[in-house]
Amino acid sequence: VQLQASGGGLVQAGGSLRLSCSASGSIFSINVMGWYREAPGKQREMVASITSGGSTNYGDPVKGRFTISRDNAKNTVYLQMNSLEPEDTAAYYCNADLIRGTTGRGPNWRYWGQGTQVTVSS
């Protein structure tokens with residue numbers, strides 16, 4: 001199982017970016033998908049998460065500015081980031097809680113994608 005993230009880059013304050021993360025491999029189902037971020041000198045923090053049913057949860061710093069969504073058929077999660085601020089500068093990591101294989105029997109595993117850098121200039 002692999003998670004591949006993309007969409008980071010450099011943007012001016014007030015601008016927008018859209019991140020994508022696709023899961024591939026032997027996957028039976030994915031329960032929760034989400035995004036975390038890690039800035040230099042800071043702990044990794046939850047940005048947003050979404051269940052297979054579409055229930056969402058956001059970290060306080062991004063509420064009202066970021067929107068998480070997913071395409072279950074494509075095993076892909078998106079993060080639309082609007083009104084970006086310099087404080088949003090960080091490496092963004094996607095994750096997925098999933099059941100591997102073909103039978104549906106087995107524990108949930110958490111997988112992480114590689115980080116994608118978001119840099120917001122003032």
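Only a predicted model underlies this, so the values are computations on that prediction, with no experimental measurement involved. Numbers here are sequence positions counted from 1.
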Under the 3.5 angstrom rule, does the side chain of [X] hit a backbone N or O of [Y] as a donor-acceptor pair?
{"X": "N95", "Y": "G34", "answer": "yes"}
{"X": "Y58", "Y": "I68", "answer": "yes"}
{"X": "E38", "Y": "A90", "answer": "no"}
{"X": "R105", "Y": "G101", "answer": "no"}
{"X": "T116", "Y": "G8", "answer": "yes"}
{"X": "R70", "Y": "T51", "answer": "yes"}
{"X": "T89", "Y": "V120", "answer": "yes"}

Using the six-membered ring wherever Trp is involved, compare the ring planes of Y36 and W112 and label them parallel, tilted or perpendicular (cut-offs 30° and 60°).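 Aromatic pair Y36/W112 classed perpendicular.
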Do the side chains of L98 and N75 get nearer than 4.5 Å, heavy atoms only? no
Side-chain contact, heavy-atom cut-off 4.5 Å: P61 with R37?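 Touching, per the 4.5 Å side-chain cut-off.
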Could you grab the distance from atom [atom1] of [X] to atom [atom2] of [Y], nearest 0.5 Å is fine?
{"X": "R110", "Y": "L3", "atom1": "CZ", "atom2": "CG", "result": "11.0 Å"}
{"X": "M33", "Y": "S69", "atom1": "CE", "atom2": "OG", "result": "10.5 Å"}
{"X": "S122", "Y": "E85", "atom1": "OG", "atom2": "CD", "result": "12.0 Å"}

Shortest non-hydrogen separation from [X] to [Y] and the atoms involved:
{"X": "M81", "Y": "L19", "result": "CE-CG, 3.7 Å"}
{"X": "S52", "Y": "I30", "result": "CB-O, 3.6 Å"}
{"X": "W35", "Y": "S20", "result": "CH2-O, 3.6 Å"}
{"X": "G113", "Y": "Y93", "result": "O-CD2, 3.6 Å"}
{"X": "N82", "Y": "S16", "result": "OD1-OG, 2.9 Å"}
{"X": "L84", "Y": "L17", "result": "CD1-N, 3.8 Å"}

Any donor-acceptor N or O pair under 3.5 Å, side chains Y111, R100: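 Side-chain D/A pair, Y111 to R100: present.
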If we count only N and O atoms by modelled type, under 3.5 Å, do the side chains of S22 and T76 hold a donor and an acceptor together?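 Checked: S22/T76 side chains pair up, N/O donor to acceptor below 3.5 Å.
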Hydrophobic cluster membership, V32 vs W109, 4.5 Å side-chain cutoff: no
Linking I/L/V/M/F/W/Y whenever any side-chain heavy atoms sit under 4.5 Å apart, do Y78 and M46 land together? no
Walk me through it: do T103 and F28 pass the test side-chain contact (heavy atoms from CB on, under 4.5 Å)? CA-CA 7 Å; T103 65; F28 180 81; 6.0 Å; no
